[in-house]
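Below is one structure, written out as structure tokens; comments come after it.
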Amino acid sequence: MTLLYPLDAELDPEVRLRLLGTKASGLNEMTTLGIPVPPGFTITTEVGAEFRKSGKWPDGLAGEVRCALAEVEERVGRRFGDPANPLLLSVRSGAPVSMPGMMDTLLNVGLNEATLAGLASRHANEWFALDAYRRLIQMYGTVVRQIGIDRFQFRLVDLKTKLGRPRMADSDLDVKSMQELVAEYLSLIQEASGSPFPQDVDTQLWDAIGAVFASWGNARAVRYRRMQGIQQATGTACTIQAMVFGNTGTSSGSGVAFTRNPSDGTKQLYGEYLPNAQGEDVVAGLRTPVSLTARAAAPGKEAASLEGSSPEAFAEVSAHCATLERHFGDVQDIEFTIEDGRPYILQTRAAKRTAAAAVRIAVEMVREGVLSKEQALLRVDASSLEQLLQARLPSEGELAARGVRTAANGLPASPGAASGHIVFDADDAVRAAAEGQEVILVRQETRAEDIHGMKVSKGVVTAAGGMTSHAAVVARGLGKCCVVGCAGLRIDFEQRTVRLNDDAEPLHEGDLLTLDGSTGRVYAGALDLVASTTVDELGELMAWADEARRMRVYAEADTPQVARAALSYGAEGVGLCRTERMFFAPDRLFAMQCALLAVEDEQRNHWLGELERAQCEDFVEIFDAMNGRPVTIRLLDRALQELMPEDQRSLRAIADALDLERDEVAKAAARHRESNPAFGHRGVRAGLTIPGLYDMQLRAMLIAAHQCTERKIAVDLEVLIPMVAFTSEVVALRAVFDRVRAQVFGGPTTLFRCRVGTMVELPRACLIADELAEHTDFFSFGGNDLTQFVLGVSRDDADRFLAGYRNELGLVAGDPFTVLDPRVVELMRLALDRGKAAQPGLVAGLCGDQGGSPASIEACERLGLDFVCAPLSQLPGARLAAAQARIR
Ligand code: ADP
Ligand code: MG
Ligand code: MG
């Protein structure tokens, strides 16, 4: 087995990714392309896995590292541990799955009391050498010895306080203070871990390698993998690379470049640069960087941009960016460091981007001839398209007209708008969100350990940081609205307040705040949001998706409004109209309650008649909106107890309407109470036992269809029977249907298409699918109920333990109510096989919450289903996901 590979090794791409991980693969590819990358080598993931298992290094590793290091020393002309001209190393993590910032990296390895002077004299800069040294000691302390980072920060703040300037920048510390700081840090390591910082450079190196491999298993990384559903076990590789320095003076610096704008996709180099700084400073967002290009700089600040201040280095970086984008065929996110005017590329990866940027870039790359249509379709994350339908704020003019004033301004890091309650840390965000609150996370800056809080927040605002700070990058990836570098914010973490500007009253935790991530504006209070505009290129991408997909995509729509909106999102029909949701309006609920609680037939029929008229009107509008496309209407499926009156006032009103005593009504209502409503008197069970209920619904549909055909509106009606467990239920219901149809039309009718289908959502229904298929025209798998009944988990209460199973205990990987559980899929396959054996042309599809999730849609494609049915906001994503599933 090969233990390590130099960065310039020729490797098969698949092997390279598996053995070196994404980061080192990128370094390797760049090196072979001739891009300036500091020389180094990578110890493979296999070695890491072995080390994590046995705690020992494989035989021969020490010798190979020595040889590879000698090679690097040769290239750079410096020696590791040489007091006169020391080589310093970075020791970097990186796994085959990208886990940005979750594992550890050590920089400046090889500095000690002896090499310090050599480094200082080489760069004629004692301060710089001390700065590098204190960074190494701190990283060694936190990563290898697991000392909390706060303890280092406290020492730093103590020192600054002693100097009388607690808020001074690190870069303002003089050489003497830096020496003091180094001494402080060295003693902290001794105190906190019981042994000193190793002066022996080989010990430093091997400790660092061990810690990097171990960081695969640190709490942060484990949690991240659980949350992302990453089950991969390969582990990290470890890259050892010569250090380059961005902090040697004014002709040095570090930056981040995106080959296209990651917010809106514009084909222009985009990025940020911090002169005289190490790369970690840019990402940490501690200082606010300048822009990479003069064009993107603030007016008057053009000369400060990298392009303005170091045109040659800029030109070189731009050329590398162009090469990399062409080579990878995708937008790259590139980290670089300029040492004394010479750029080095330290990392490249596919750039995280907003959904809008992803769509625009994918379409433009097809136009540029870089991608095929199929490749472009695979480039866009289907679930992110929902972002494009995200809310935004009214225009500035409209807001001004309403007297709304901007309270603070920051950088527009991730578009969209959000209102919510202020929280000041990630754990509070999670707690509040679990209680159903919409929250805005307000931070000085964010770090990797804040991600769980960012995920549940509606938006994030930070006082510090630039467009490539942690908060900005993560928010864009999550599709969260985000404002960074909002320098006017004064956050008081003790008091838990924030002032939006110097004149503003402090806002407290829980107060409302509104962010506009597209403009960087921040407002006190909650503002009304409006639906967003779409990206120009979306139509084109969607047209390609529609061409590529096999499955039909229907909408869930319970009202004519949603049906009309669904059409504009490309739905081919209504796949599920839940009639129970048509009874939410107070007057309709009242009529329903009267119908269910009436004692006399005449009264019941009166109220059923009311309901019939209301349903009929809705159905006419929906048929009208869908204009001949299929409309699937599901008969009432709601636990009757949920329709019962709850308060005294409604009881009284119903009693009055039915001419009964209030007690009698209360008793009748109580009879509908069940201990387990999900398993109870619902769906077809209610339809067959409550006189007139389903008759009313069927009559409303048929009359509506009839009225439409008279008005020359084409109708394609599908009736769905919910909660079927027995074939006899379907047979009985078909008899009801035939009877009602005979009443309305005097017999079968050819005026419009009409089919009767079965919801397959109980395990028993799956098992008798062959019989069911003989009595129905189509199957609609009810993903939510089938999951509930197969797993024995109530969807409404699932998160009491499933979230813990997933995130803390790692017992399950995903959410079965979002992505179909593989065993549920297996049961669907069985049902489908049995159904098709009885009726070869059987049409079948999926409805329920999973119908909008790309992974579930892929499972449906594999099953060979004919359609999926998605909620409104997920329709564009479902169309794309269906295309992607087909292509894959
Ligand atoms: P992460 O996965 O956390 O991004 P990296 O291995 O990419 O970790 O390292 C973090 C940062 O350390 C880089 O962004 C870069 O700024 C700096 N760094 C890594 N290697 C070198 C190097 N050889 N020379 C200078 N800086 C480096
Ligand atoms: Mg990195
Ligand atoms: Mg159901």
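Whatever order the structure lists ligands and atoms in, that order sets their numbers, starting from 1.
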Handout entry: Residue pair Leu107 / Met139, side-chain heavy-atom distance below 4.5 Å
Key = yes

Practice task
Consider every N or O of Gln241 and every N or O of ligand 1, then say whether any pair is closer than 3.5 Å.
Solution key: yes

Practice task
Check if Gly94 has a non-hydrogen atom at a distance under 4.0 Å from any atom of ligand 1.
Solution key: no

Fill in the blank from the handout: Logged contact type for Leu346 with ligand 1, heavy-atom cut-off 4.0 Å, is side chain

Handout entry: Proximity to ligand 1 by part of Glu335, non-hydrogen separation under 4.0 Å
Key = side chain

Handout entry: Taking every non-hydrogen atom, the tightest pair across Ala211 and Val144
Key = CB-CG2, 3.9 Å

Exercise for the section: For Tyr133 and Asn108, test the side chains for any donor-to-acceptor distance below 3.5 angstrom and give the result as yes or no. Expected result: no

Problem - From the candidates Ser90, Gly279, Gly255, the one that places a heavy atom nearest atom 21 (C) of ligand 1 - result: Ser90

Exercise for the section: Decide, counting backbone as well as side-chain atoms, whether Thr105 has an N, O or S atom less than 2.8 Å from the Mg ion (ligand 2). Expected result: no

Problem - Close aromatic pair by centroid cut-off 6.0 Å: Tyr5 and Phe41 - result: no

Problem - For Met243, the ligand 1 atoms whose distance to one of its heavy atoms is below 4.0 Å - result: 22 (C), 23 (N), 24 (N), 25 (C), 26 (N)

Handout entry: Under-4.0 Å heavy-atom contact with ligand 1, by part of Ser254 that carries it
Key = neither

Handout entry: Numbering as shown, the atoms of ligand 1 that approach Lys23 to under 4.0 Å (heavy-atom distance)
Key = 1 (P), 2 (O), 5 (P), 6 (O), 7 (O), 8 (O)

Exercise for the section: Check whether any side-chain N or O of Asn112 sits under 3.5 Å from a backbone N or O of Gln199 as a donor-acceptor pair, and report yes or no. Expected result: yes

Exercise for the section: Answer side chain, backbone, both or neither: which part of Gln278 comes under 4.0 Å from ligand 1, heavy atoms only. Expected result: neither

Handout entry: Salt-bridge criterion met for Glu184 and Arg134 (N-O under 4.0 Å)
Key = no

Handout entry: Min heavy-atom dist Thr337 to ligand 1 below 4.0 Å
Key = no

Handout entry: Flag side-chain contact, heavy atom, 4.5 Å: Glu73 against Arg78
Key = no

Handout entry: N/O separation below 3.5 Å, Leu107 to ligand 1
Key = no

Handout entry: Any Gly101 heavy atom less than 4.0 Å to ligand 1
Key = yes

Practice task
Decide whether an N or O pair under 3.5 Å exists between Pro38 and ligand 1.
Solution key: no

Handout entry: Tyr140 and Arg145: side chain donor to acceptor below 3.5 Å
Key = yes

Fill in the blank from the handout: Under 4.0 Å from one or more heavy atoms of Gln347, ligand 1 contributes atoms 4 (O), 7 (O)

Practice task
Check whether any side-chain heavy atom of Leu205 lies under 4.5 Å from a side-chain heavy atom of Val65, and answer yes or no.
Solution key: yes

Practice task
Provide the number and element of each atom of ligand 1 under 4.0 Å from a heavy atom of Ala242.
Solution key: 22 (C), 23 (N)

Practice task
Assess the pair Phe336 and Tyr344: is the distance between their ring centroids shorter than 6.0 Å?
Solution key: no

